[in-house]
Amino acid sequence: MREAIIRLRYRYWPDHWLGEILSKRWTETAIPVFVLLIVGFWLSQSIHNFLSLASLADTARQACEIGFISLGMALVVIVGGIDLSVGSMFALTDFCALFTLDVLGWPVPLVAAATVVCGMLLGAVNGILIGYLRLRAFITTLITLIIYRSAFDLLIQRYSNDIAAAFPDFPSWDFVGNGTVLGVPSVAILYIAVAIFGHIFLTRLRPGWHVTAIGGSRRSAYNSGVAVRRTIALCYVASGALTAVGALFFAARLGTVGGDIGVGLEITVLTATVLGGITLGGGRGSVAKSLVGTLIVLLIINGLTTLNARGGVNRIVLAGILLTAAIVDIRWLKNRSRIISKVYVSPTYLALPEPPATEIGGGGPFEQNDKLRSVSLIGLGRIEAPEDVILDRHDNLYAGSRHGDIIRFFPPDYERMEVFAHIGGQPLGMAFDRKDNLYVCIGGMGLYRIAPDGKVEKATDETNRSLYSVNDDSRLRLADDLDITDSGLVFFSEATVRYEMDEWPIDGLEARGNGRIICYDTNTGKTHTVLRGLKFPNGICVASDGQSILFAETWGCSVKRYWFDGPKKGAVETVIDNLPGYPDNINLASDGNYWLAVVGMRSPALDLAWKMPSFRLRMAKRVPGDEWLFPNINTGCVVKFNEAGKILESYWDLKGVNHPMITSMREHRGYLYLGGIANNRIGRYKLERANPNFVQYEKRWGKQ
Amino acid sequence: MKRFRITQQEIVFVVFAALFVFCSLFLKGFLTSANILALLQNVSVLGILGLAMAIVVIGGGIDISLIAALAVPPGLVLQMVQDGHSLSSSIVVAFAIAIAFGLVNGWLIAYAEVPSLFATLASGIFLAGLGQAFLFRVEVVQWSDGMAGFDRLGQASVFGVPMPIILLAATCLAVAFLLRRTRWGAYIYAVGDNRAAARVTGIPTRPIIVLQYVLAAVIGCFAGLVLAASVNSMPTRIFNSTLIYDVILVVVLGGIGLSGGRGGVVNVILGTLLIGTMLNGMTIMNLSYAAQNLVKGVVLLAAVIADTFINPRNEETAQQGDI
Amino acid sequence: MTSLSKWTCAGLMAAGIAAAASSGVFAAEQGLNEPFQAKFRADLSGKTIAFVPVAMGFDLTEGWWAGLKKELKPYGIKFELRDPNWNTNAGAQAVTSLVTEKPAVMVIHNPDVQTYAKLLKRAEDAGIYVVQINMGSAYRSSAFVGANWIEIGERDTEAVVNACKGKSNKIAIVQGAVSAAASAYTLRGVSNVLAKHPEITVVSSQAADWDAAKAKGITQTVLKQHPDLCGIVGFWDGMDIGTAAAVKEAGLTGKVFLATSGGGEHRGACDLVKTGAFDLDLSYDVPTQAAQMAGTIKWLLSSTDAKPGAVKGSEYTTLIPITKANADAPGTCWNLDELKKEAGE
Amino acid sequence: MSDIILSLEKATKLYSGVPAIEDVDFELRRGEIHALVGENGAGKSTLTKVMAGVVTLTSGAMKIDGAEASPGTPLEARNLGVAMVFQENSLVPTMTVAQNLFLGQERFYNRLRGINIAAQQFLQSLNFDVPPTAIVGSLGAAKKQMVEIARAVLHNAKMIIFDEPTAALTPEERKYFFDLVRDLKHRGVSIVFISHALEEALILADRITVLRDGKKIVTDDASKFDRARIVQAMVGRDLSHTLYGVKKTTVRPAGERVLTIQNLKMAPMVKNNSLSIFAGQITGVFGLVGAGRTETFKIVAGIMKRDFFYGGDVILRDKPVRYRVPAPAVKAGVAYVTEDRKIEGFFETATIARNIYLGLLAKFPGGRALLSQRDQSASSADWVKRLNVRAIGDAAKVIELSGGNQQKVVIAKSLVQEPDLIIFDEPTRGVDVGAIVEIHELINRLADAGKAVVVISSYLPEILGLSDRILVSRQGKVVEEFSALEATEEKIMYAAIH
């Protein structure tokens, strides 16, 4: 009963999402967003028409005006500076708009252009001083704040009466100030457009990268060839321009050049920027953060005002929320990576039946023996980590190595060897196609093709992103083994989508179906995922019927069959359900049966632990990683099974002296060639009763 | 190589001297002892605030909440006396509030690790709001009879020297003594110079940071009392003004780098004198307030630009997050 | 008669009449039914008045708010307060959101002549009466209640000019914030008078931004250079505390004539005139302004034809000059605490 | 096409009038691996920065492919085919690995998934296991170095300059790096590399140039050099017998047990670490970068905090302690001499005397509120003499000193606190050879005086030359202990890796 509950809980509750969601970069903004939601909820409860369209539109107008300025400030802060002069620039550009409209009588488009240019010029002063003359941003913009403000004061002394006297009546001007499109204020539409562009700009466009790089490390950016000074200067120009856009809408809405326009605006904007999570000092920040920060600050100020709160109360509440949010946010950012490392590993429930007996004298197909004692060794000490071995029509033997090479041994004695091709990564599974191209699964890289002349080509490194996956699973992390169908489809397994190449054992601790089988079509060059949720899918072999593949699920201790064609297309069926160890590669035998490598034997301790997810969770949290309970992968065997999944025979090397580990095997002209990922040798075992002329790919596709 | 360098401090001194000579030569009534005293008196509160800011900036932070500390506790003194409490108990309460405020600031920055700019920005708003909402009935807290005699703090003079100047000088001496002669002063410099190194050396960095903000709040409160005494009221609306920017200018212009660990009381005095001379000269010239600001800004900008040209910074020496 | 005593008398009389009436006449027989009062009550009850000051927390706005409540609360009127706390943008936002919330009346204290102008027009178009107090905007709404700044400037300056007769004829002007309407209009009043008095020289005319400390600094410098100054025109008593402190510090109290203006709250006005800090403080008597607003609102709400936007009128406040002569007299100044108490706050 | 890809003639670079390199002639052949060796401040970095366009020559000429060239920015240099891997990490810590890799040659619009996959392909093809989506700031030193190297290779430069490329790499990764460099060489790319590990220069380089005090001393084929000749050229005198002296034949016996660590944990760096430290001897702690050595001892000194739950114990002289800040640890007689003196070593704008005096004050405030000028000058004069700190004057700021003298000031600042347990973390990193000898002598004297001394180092000769007892750390815990008598380089290295 209890076990059933545990099973159901782990089957349906996606524990692993927590760690994956937290690993997303946008969760850095989680706290500000959370605060925004709380504030929004609280206001919608206390102000009865808070969520009405009219009220939201009113809020949006002001929020977007400030939002433009916040965007500019965000840009400047991300580039590693600060712009205190925004308030004064706001006032001056507001004046510029109204002066050109009311006093000079310019048409509205020209007014808009003039205002933005005015903002850019004001920003350019900052930009030149800070970017090119290398003045300190804080002190410089503090001084320009004073200068611009006094210039504004002098100007309105002279012109405020002229502006006050005019009541401009242009429909286009009113549209800028109060117009809506489908109920959305004009300013919001422009803001959304600018924000979307800003997001793309910062994350994907070259100048945006440069901005982030300069903020993150000025010297690194310079060394990378970024035009540091120009970029910084342009950021201040952009800040000026964005401020001018905000001021233009403000001018159109209210038409005022009152003396305290923009006073203290820099504080509001800076508060919004920091609250949104954009770090002073540079390098970190996004458009979304800027928006969230702006909304929080404005909602609090306006909401409390609407709730009849006096100015003082308003300030207390605002400051209280700001400080609380800042403290929580700092804790969060500080501990986020630690939390992720604690929660990313999320073991799940896996119950395996009692394994079949393997003891000597226990009988059964798995009974241990010492047949592999007599293997002869190839390339001892000269090769590292040959996970898979393969032989071509000319009896050449190929094996991958840890250094990313494909090594070729020459017959007849396989003493002579050469680096056939260098790819990098970790070559795992291999298979030949009809034209003798060697396809290789490279852990960490994907699927590669090596032409007979040794030329390396990438076949695929990307598949379609699945809809419900939190992690972006389009990147191939651990392509493992493959086989090729007659019609040119390459089926290959990816062992796990949650861990990188060098962390694969952790996947064994989780024992979740994190793996998948992917199909690469050599005819179209397209790649798509065919099966998901497999427990470390490993070996793949096209079955004799040519319509299905057999694949091994390592942590599932099972072999399954998947029909990619024919009447049962799409179906999956279990072939062997309870192996005594962890299956690895599968290959054809000369008699029409299949070879299966068993990489390691199950242990009662891990079998038990797999039924106790919370135990493994505690272990992952408290015990250092190298002392975790991992699947045992050092002794194993080779078994032969038939189409129905019946085990026919098994080959063991009990002492493990000669050939300690087996991850793969190939039958070729009466010999069985053995590979092992932890080995420094290749084994060669003389099979009795085997077809001495069996060449796997000749049998499949005929002689050439 | 060293001796060709002129520090920002020296540039500011040169600018100040030039301005002073200029004003003396061309402005009638500038170079009179009465006017010089007026000049000093006008900037004495700014100077005291500058000293408070200097302590924090030398310690590697910044205190935007200084104006709140200037306005609220002294305002409370006036309000409490108005409501019939005794002057002495009111002053005790005010300083207690200032100390508590400094402790909160320090805690936020040293222990909760909120960046000082943001922490003091918010805490300043909080204190101002607290005063506005609960402590004062109106924003300008008026003098009342119970305060009799206290106005000497702002309006009396000793041997012809107005009291605020004497208080500024006294604060200068006290702060200079603290920074130069005491252990805690040495610690403040150490923390501002390299907080990580100070920590590893075994200096109690967090308490020292708290100490800075407490000192700043207390000095700010003191400046507020001087201000209130000299204008016979506490206009708490001063919080909304841009006074804090002037304070930062005095400190930074004087040559105390925002990166911390550098500078001292001399720099504050220099910065204060420069600002004071400029404002006084322009007041004599009867320039409007806006025009005064404009000129002030341009002169400051010139000083900063001159500094950059004389001490150029390049990509090699640029610091990270150097704002 | 000063306003405070006036109200007290009125209150007492009303109470007396009511007491007499209830115990006497009406108990005896049924009287004549007054035909309009029921409608008047119905027109007022349940209506909302929204007040948008520049900021709460100083004598003027607190006084208006308390005065309005005191007058109108008994009629079942509801009150909304939007305190932008010196932030023009927040104020504009408050007015904007009020337009959608549709209170019956908005009482607006403009930060300058323009910011709210468009919004106020929108409000009246949407059927909301707008009453502007003390600081007008470029838009003329149903009613403006407030001081005549030009008159204030003129009367203050005249007083200073008079005081200067036979003296140095040097005066100084301490302005508020240059962009504020109150300051600009007052300055116009000052120049109107000065135009008639060419013998007067203005040695300094600077803006202190409504800031006492700045006013003190400016005045100090001016006094150091012109110790023979005979008068100062100040623009607001809250700021001129600083001006007065400078004068006192220079030991010129009584020698330099300081004229200013303000809301007439006793601590900020009468007390300071008594101590000699100010020689003249023109008071626009906030409770009276509040009462006038309340009267206007009653009329607007109960009238049948005065639709929002259809009528436009002004009520300029009658100024009370506070000098040593009347500073002690009861009713010259008013007391904020008492007014608040009467308003039930 | 000539055989010389880059040449410098009479290259001189003055910093504020002081020559960093002076009249250096240098030639780089096509497809050669050229090692630059020299002490700190010998001008290696300046020389390479000139080539990479980071600084421009004051006088002299540089030719690239026979044509006069003076790149003013790294970008110009790269357009000329010169790429550089900087010593001070030049990655942007806030960007992802993939972004860093392509920074500088990104397209105008970059598809994030596309660059992630391309970056992974490229990194894996060099056998560098670095996830492309990771933020660089969160990576360890070794992985950062890999990204840095990968970036230089990605640029397809004609010549690549590596400044201390292998410092943070494990031997495994170092092997990959050597293969990579040889592979580049075969492709005709010229390599300049700076290394402190002279063995690397001898193994890898075709030619070696030795610099001293900004001047070129000698350039010759690597086969004509041996260790002694390089050191002699570097230092100008024969130091081979004093530097990293011959294998120890006697060891100091263990005194009282001063420090015991049991099951110490700090995720993710320290994992159930246990060890003991004894008085009167030097305990060397060897391990690769990232083996958790520094973190373990920083926890002891209160600089870092152990895990809150199940964090293990630190026992100082039979008393369990748990310092949350360093101050109480200092008071208890624990001193930690940092490996990164610029970040947490000294006060850069303060004088030497003030630096040392601050150390004294922090340990012995003893109710003294006022500073004593006399104490300050006395303590500093004493230690400046004992450690032989060379400075221009008393008022010299520490930032203006050479690396070795800076290190001595940092040591003096700790020793003035009279600690019983002294932890030296990489005591000779970035220190010139002469000063190394002095610092080693000092460490030996401390142990002779009965102090418990810990020396953390990733340089085997230093560990072997100094230690009486050697602990080997791997993946967050001590895995092996040797007596200095039985230890060999092979044994230690084996323990550190396997």
Side-chain angles (χ1 to χ4, degrees), chain A residues 77 80-82 84 129 133-140 142-154 156-157 215-219 222-223 228 260 263-264 267 270-271 274-275 279-283 309-323 326-327 330-331 334, chain B residues 62 64 104 108 112-115 117-119 121-136 239-242 245-246 248-249 252-253 257-259 288-298 300-301 303-305 307-309 312-316 318-323:
Chain A
V77 171
I82 195 169
L84 297 176
L129 291 174
L133 298 185
R134 301 281 293 110
L135 268 59
R136 285 163 199 276
F138 191 91
I139 187 84
T140 309
L142 190 60
I143 294 173
T144 50
L145 167 129
I146 294 170
I147 294 179
Y148 292 168
R149 170 61 58 184
S150 36
F152 174 72
D153 285 345
L154 288 172
I156 57 168
Q157 258 175 299
S217 167
R218 200 183 169 105
R219 189 195 314 238
Y222 178 75
N223 287 342
V228 173
D260 65 345
V263 170
I267 300 290
L270 198 61
T271 309
V274 176
L275 189 69
T279 327
L280 291 178
R310 297 285 184 105
V313 177
N314 201 327
R315 277 180 172 161
I316 291 179
V317 175
L318 178 66
I321 292 178
L322 293 185
L323 282 176
I327 294 170
I330 283 165
R331 297 279 131 201
K334 213 173 160 184
Chain B
I62 194 164
I64 305 287
V104 170
L108 283 172
E113 295 174 8
V114 182
L117 184 66
F118 188 75
L121 188 73
S123 70
I125 294 175
F126 188 88
L127 185 63
L130 191 74
Q132 205 181 354
F134 299 115
L135 303 182
F136 315 128
F239 179 75
N240 297 349
S241 73
T242 51
Y245 296 144
D246 287 338
I248 296 173
L249 270 184
V252 176
L253 201 66
L258 284 175
S259 48
S288 77
Y289 178 62
Q292 286 194 9
N293 267 340
L294 191 67
V295 174
K296 184 172 82 181
V298 171
L300 298 181
L301 196 56
V304 177
I305 293 176
D307 176 45
T308 315
F309 274 106
R313 307 191 304 154
N314 58 31
E315 308 304 333
E316 285 288 289
Q319 285 178 342
Q320 193 53 39
D322 192 12
I323 53 176

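The structure presented is a predicted model; accordingly, all values stated were derived computationally and were not measured. Per chain, numbering begins at 1; letters A, B, ... match sequence-line order.
Annotation: side chain of A/Leu322 is not in contact with side chain of B/Phe126 (no heavy-atom distance under 4.5 Å). Residues B/Pro115 and A/Ile330 meet the side-chain proximity criterion, which asks for heavy atoms closer than 4.5 Å.
To the nearest 0.5 Å, atom CD1 of residue B/Ile125 and atom CD1 of residue A/Ile316 are 11.5 Å apart. The distance from the CG atom of B/Leu253 to the CD1 atom of A/Ile143 is 6.5 Å, given to the nearest 0.5 Å. Taken from CD1 in A/Ile147 to CG in B/Leu301, the straight-line distance is 5.0 Å, to the nearest 0.5 Å. To the nearest 0.5 Å, the span separating CG on A/Leu154 from CG on B/Asn293 amounts to 9.0 Å. In this structure, CZ in A/Arg315 is found 10.5 Å from CG in B/Leu127, a value given to the nearest 0.5 Å. A distance of 8.0 Å separates CG of A/Leu84 from CD1 of B/Ile248, quoted to the nearest 0.5 Å.
No part of A/Ile321 comes within reach of chain B, as not one of its non-hydrogen atoms sits under 4.5 angstrom from that chain. Proximity to chain A involves both the backbone and the side chain of B/Leu294, based on heavy atoms less than 4.5 angstrom apart. The contact between B/Leu300 and chain A is made by backbone and side chain atoms together, counting heavy-atom distances below 4.5 Å. Looking at B/Phe136, there are no atoms closer than 4.5 Å to chain A (heavy atoms on both sides), in backbone or side chain. Heavy atoms of A/Thr271 lying under 4.5 Å from chain B belong to its backbone as well as its side chain.
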side-chain contact (heavy atoms from CB on, under 4.5 Å) evaluation trace for A/Leu142 with B/Val252: CA-CA 11 Å; A/Leu142 190 60; B/Val252 176; over 6 Å; no
From CA spacing to verdict: side-chain contact (heavy atoms from CB on, under 4.5 Å), A/Val274, B/Leu117: CA-CA 10 Å; A/Val274 176; B/Leu117 184 66; over 6 Å; no
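The greatest number of non-hydrogen atom pairs below 4.5 Å with chain A, out of B/Gly124, B/Ser123, B/Ala112, is found for B/Ala112.
Residue B/Lys296 comes nearest to A/Ile146 through the heavy atom pair CE-CG2, 4.4 Å, listed as atom of the first residue, atom of the second, then distance. Here the closest heavy-atom approach between residue A/Val313 and residue B/Ala133 is recorded as N-CB, 3.6 Å. The nearest pair of heavy atoms linking B/Ile62 to A/Phe138 is CD1-CZ, 3.7 Å. Minimum heavy-atom separation, B/Ala122 to A/Ala319: O-CB, 3.1 Å.
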